[in-house]
J.: 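One structure, as structure tokens, below. Some questions next.
By convention here, the first residue in the shown sequence is residue 1. Counting starts at 1 for both ligands and their atoms, following the listed order. Computed from a predicted structure; not experimentally measured.
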Amino acid sequence: MNIAILPGDGIGPEIIAEAVKVLHVLDLAIQTETVEVGGTAYASQGHPLPEGTLKAAKDADAVLFGAVGDWKYDSLPRALRPEQAILGLRRELGLFANLRPAILYPELADASSLKPEIVAGLDILIIRELTGDIYFGQPRGRRQSPDGAFIGADEAFDTMRYTRPEIERIARVAFEAARKRKSAGHAGKVTSVDKANVLETFQFWRDVVTDVHASYAEISLDHMYVDNAAMQLVKAPKSFDVIVTGNMFGDILSDEAAMLTGSIGMLPSASLDASGKGLYEPSHGSAPDIAGKGIANPLATILSAAMMLRYTFGRTEAADRVEGAVRKVLADGLRTADIVGKGTTLVGTKAMGDAVVAALRIK
Ligand code: NAD
């Protein structure tokens with residue numbers, strides 16, 4: 001298992017260190033190579049995604065990514081900003097499927113802004129298409145200065161586009177995931193979210209998803225408009241199992257779902273290519289406001305490493321062990337500052353990582 005480790009900026013190195021510690025305690029044949037990315041790479045190598053970093057990511061079986069970005073790089077031209085590294089990696093590695101579970105551990109039910117009876121026990125999976133849609137359309141109507149500012153423009157527009165193969169492959173990821181989840185006791189239901197009533201692109205999306213569904217008779221499929229999905233996510237989030245949607249709607253809905261759990265520091269994500277190779281990262285950013293303080297929650301990154309074991313390496317048992325260890329430390333009352341509550345014990349980043357390692361050592 002060759003893993004490229006890209007810690008990045010802000011809290012990235014702190015949370016990655018804990019996830020790497022957890023991986024090494026599992027007694028698996030793991031080899032790692034750590035390389036710079038984001039603002040850190042820009043500062044020392046002049047580019048947020050240097051050649052060597054891209055090569056290491058391409059050569060590896062999987063990438064474990066911390067986070068990139070810092071306000072101090074906000075004035076750089078867009079192409080050199082740290083966040084471009086993540087877009088470049090998605091493009092270069094062909095990562096077209098973004099999987100984001102939104103899970104609310106019973107111990108953290110109070111962290112949600114919704115009533116516990118609506119969210120407690122929430123366990124849904126949002127699958128976002130990652131390399132198409134309006135984010136990769138043709139931006140038009142621009143007359144920009146070199147620093148990217150608009151000069152005297154009267155309009156700007158971007159084109160929304162999906163091809164049949166792009167929709168087919170993301171639909172298959174969703175149905176396959178629903179099948180796996182069904183065998184673990186979930187409903188076996190895919191909700192495809194679109195805006196077919198207004199956008200041609202999403203009428204096409206709906207038709208293609210329906211075609212792909214024909215090969216997955218045991219999984220149920222329903223279609224929902226994105227505005228309704230945004231409402232249902234706060235009204236009855238547990239009515240979903242797997243949600244699949246396009247790049248832009250997925251961007252928004254996955255953040256909404258993340259907030260249902262009240263703790264962005266808890267949520268992992270996976271971005272997969274057609275062969276199952278993946279980039280695994282926490283759903284949150286580089287949190288420059290708390291960087292270097294040793295208080296960041298490493299659990300989203302540790303859970304991302306568990307997703308890596310599950311999806312790229314097929315090591316279900318090891319993934320289950322890591323997730324079980326995370327549940328144990330929560331049940332023991334350990335909390336980083338972002339999730340701390342009454343009657344719980346406040347710990348820092350390193351102590352949280354150590355506790356997961358200790359839980360893994362108990363057979
Ligand atoms: P953020 O997710 O970094 O932080 C939002 C809030 O959540 C902050 O108050 C932060 O302290 C807190 N937070 C985030 N992760 C936490 C953790 N593990 N433990 C405890 N608290 C945590 O989002 P932001 O502030 O909007 O963005 C900061 C930088 O991160 C920006 O430069 C942005 O572009 C970048 N960003 C990067 C990624 C990525 O690398 N994939 C994703 C989102 C944002």
J.: Give the protein residues with at least one non-hydrogen atom closer than 4.0 Å to an atom of ligand 1, ordered by chain and number.
T.: I11, F65, A67, V68, G69, D70, E83, I264, G265, E281, H284, G285, S286, A287, P288, D289, I290, A296, N297, D338

J.: Could you tell me whether Y280 and Y311 have their ring centroids closer than 6.0 angstrom?
T.: no

J.: Please find the pair of heavy atoms, one from V322 and one from L26, that lie closest to each other, and give the distance.
T.: CG2-CD1, 3.9 Å

J.: When you check the gap from the basic side-chain N to the acidic O, do D320 and R310 get nearer than 4.0 Å?
T.: yes

J.: Would you give the length of the straight line joining atom CD1 of I219 to atom NZ of K189, rounded to the nearest 0.5 angstrom?
T.: 12.0 Å

J.: Looking at D110 and K342, is any side-chain nitrogen of the basic one under 4.0 Å from a carboxylate oxygen of the acidic one?
T.: no

J.: So, are D241 and K182 salt-bridged, with charged N and O less than 4.0 Å apart?
T.: no

